[in-house]
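Report on the following structure.
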Amino acid sequence: MSNFLRRTLTGFWIVVFIIGGFLLHPVSFAVTGLIILTGTQYEYYRIIGKTGIRPQMITGLAVSVTAYVLATLAAAGILATQWLLLVLPLLSLVFITGLYRKEDRPFDSIAHTLLPLVYITLPLSLIPFAGFGHSGLKPILPAAGIIFSPGIIIGFFLLLWINDTGAYLAGVTLGKHRLMERISPKKSWEGFAGGALLALAAAWFMPGWLGITDRKGWLLISIIITVTGTYGDLSESMLKRSLGLKDSGNIMPGHGGFLDRFDSTLMSFPLVYLFIVLFG
């Protein structure tokens, strides 16, 4: 099977799983975000472990899951937002745990345990806030008494994937001028432009279907996704290059792992959500 066909088939099932999970019901929406978060953070800890540094995987994931669950309950109005402050004392567990581990350089472990809480957990814990408390696109199975719409996150991922597809196709067929060869030898300015143009074309039709913001807003969102998503991808490539890795995992044939698939999301989604909150 060619890499293009493998990539296409895997991409189809990724879209089905993510869009289906986010669109089905508020509970599946929250669970889908949690799966993305834990899968991505687990892969980060796993690849860092290959360097000889032993991040506190269990502690780090426990803090991450707790933060996401608290964010979900706060976004849904079940808990007051003050409960999110519980995450702060939980962070001290990383340092306390480090005291009981026999390591020559314990702060290397502590640093790589805490970094993904900022790099991964914080951005992805905004997902519940993008769904609960918003109106617009309805879930397939609505929940009584809950104000909820998956429209923001559906629109975001569709534009992100459309940008990725345009960048891949334009890069393969036209790519000659390297975007940042030192970090990612295959990325090209032609691919960047192709992804941007396809995302802009898709954004033109977003207001009539998803609402949330007007056409100008969606066009600006597509530009935010194109630029920050590219930087997110390059940042993860920088991480893999420093570790001598091609992919963060192999759970998604043709796409690599969770971190490979959602690297653009980590940088672009917080800025898209911020734009919608401020100007949507």
Side-chain angles (χ1 to χ4, degrees), residues 14 17-18 21-22 28-75 84 86-98 101 103 106-131 153 156-157 160 228-229 231-243 245-252 255-271 273:
I14 291 172
F17 168 76
I18 294 178
F22 282 134
S28 67
F29 177 93
V31 170
T32 300
L34 182 60
I35 291 172
I36 293 172
L37 187 155
T38 53
T40 305
Q41 191 156 324
Y42 168 80
E43 279 191 353
Y44 179 91
Y45 287 143
R46 187 180 60 80
I47 63 175
I48 292 299
K50 293 181 179 181
T51 67
I53 297 172
R54 296 190 303 128
Q56 300 171 29
M57 182 180 293
I58 295 176
T59 305
L61 287 174
V63 173
S64 180
V65 170
T66 301
Y68 183 88
V69 171
L70 288 172
T72 301
L73 295 175
L84 290 171
L86 282 176
V87 175
L88 297 179
L90 290 178
L91 295 177
S92 63
L93 290 176
V94 177
F95 293 89
I96 294 171
T97 302
R101 302 176 94 207
E103 293 179 304
F107 265 81
D108 287 354
S109 169
I110 290 171
H112 278 291
T113 302
L114 292 175
L115 178 59
L117 297 178
V118 177
Y119 177 44
I120 298 169
T121 303
L122 183 59
L124 296 183
S125 289
L126 292 174
I127 288 177
F129 292 99
I153 199 74
F156 167 79
F157 273 110
L160 182 67
T228 60
Y231 275 116
D233 195 334
L234 288 170
S235 296
E236 196 248 353
S237 294
M238 180 171 61
L239 170 64
K240 291 187 296 185
R241 200 168 185 81
S242 68
L243 299 176
L245 298 174
K246 181 178 183 296
D247 295 316
S248 65
N250 55 14
I251 194 171
M252 304 176 194
H255 292 263
F258 275 88
L259 194 53
D260 294 313
R261 185 64 271 172
F262 299 105
D263 51 4
S264 299
T265 303
L266 301 177
M267 192 170 292
S268 59
F269 180 66
L271 295 178
Y273 181 64

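This structure is a prediction, so every number in the text was calculated from the model and none was measured.
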Report the C-alpha separation of Gln41 and Phe258 in whole Å, then their side-chain angles, then the decisive distance to 0.1 Å, and conclude whether the side chain to side chain contact (heavy atoms under 4.5 Å, CB included) test is met. CA-CA 8 Å; Gln41 191 156 324; Phe258 275 88; over 6 Å; no
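- Interatomic distance, CG of Asp233 versus OG1 of Thr228, reported as 11.5 Å (0.5 Å rounding).
- Side-chain contact check for Met267 versus Pro123: every heavy-atom pair is 4.5 Å or farther apart.
- At least one side-chain heavy atom of Val65 sits less than 4.5 Å from a side-chain heavy atom of Leu34.
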Thr265 and Phe156: CA distance, side-chain angles, deciding distance, side chain to side chain contact (heavy atoms under 4.5 Å, CB included) verdict: CA-CA 9 Å; Thr265 303; Phe156 167 79; 3.8 Å; yes
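- Between the Ser125 side chain and the Leu122 main chain, no donor and acceptor come within less than 3.5 Å of each other.
- To the nearest 0.5 angstrom, Thr121 atom OG1 is 10.0 Å from Leu115 atom CG.
- Counting non-hydrogen atoms of other residues, nucleotides and ligands closer than 6.0 Å to CD1 of Ile58 gives a total of 12 or fewer.
- Side chain of Ser64 to main chain of Gly60: no donor-acceptor pair is present (N/O by atom type, distance under 3.5 Å, no hydrogens or angles).
- One distance of note links CD1 of Ile18 with CG of Leu160; it measures 9.5 Å at 0.5 Å rounding.
- Using cut-offs of 30° and 60° for the angle between ring planes, the Phe157 and Phe262 rings count as perpendicular.
- Of the possible polar contacts, none joining the Glu236 side chain to the Asp263 backbone as a donor-acceptor pair under 3.5 Å is found.
- Although no hydrogens or angles enter the test, the distance criterion places no donor-acceptor pair under 3.5 Å between the side chain of Arg54 and the main chain of Glu103.
- Of the residues Leu259, Ile47, Asp260, Leu239, the one that meets the side chain to side chain contact (heavy atoms under 4.5 Å, CB included) test with Leu245 is Ile47.
- To the nearest 0.5 Å, atom OG1 of residue Thr51 and atom CG of residue Asp108 are 8.5 Å apart.
- Looking only at distances, no side-chain donor or acceptor of Thr97 sits under 3.5 Å from a matching main-chain atom of Val94.
- Here the closest non-hydrogen pair linking Ala30 and Tyr68 is O-OH, 2.7 Å.
- Between Pro55 and Ser109, the shortest heavy-atom distance links the atoms CA-OG, 3.7 Å.
- Side-chain atoms of Tyr273 come within 3.5 Å of backbone N or O of Phe129 as a donor-acceptor pair.
- Of all non-hydrogen atoms in Leu90 and Val63, the two that sit nearest each other are O-CG2, 3.9 Å.
- The structure places CD1 of Ile153 at 5.5 Å from CZ of Phe29, a figure rounded to the nearest 0.5 Å.
- Note that CG of Leu266 is 9.0 Å distant from CG of Leu37, once rounded to the nearest 0.5 Å.
- For the pair Tyr42 (side chain) and Met57 (backbone), a donor-acceptor distance under 3.5 Å is absent.
- By the 4.5 Å heavy-atom criterion applied to side chains, Thr32 and Ile127 are not counted as neighbours.
- With Tyr45 contributing its side chain and Thr113 its backbone, the two residues share a donor-acceptor pair below 3.5 Å.
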Apply side chain to side chain contact (heavy atoms under 4.5 Å, CB included) to the pair Thr66 and Leu86, showing each step before the final yes or no. CA-CA 9 Å; Thr66 301; Leu86 282 176; over 6 Å; no
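- With a 4.5 Å cut-off on side-chain heavy atoms, Tyr44 and Thr40 do not count as touching.
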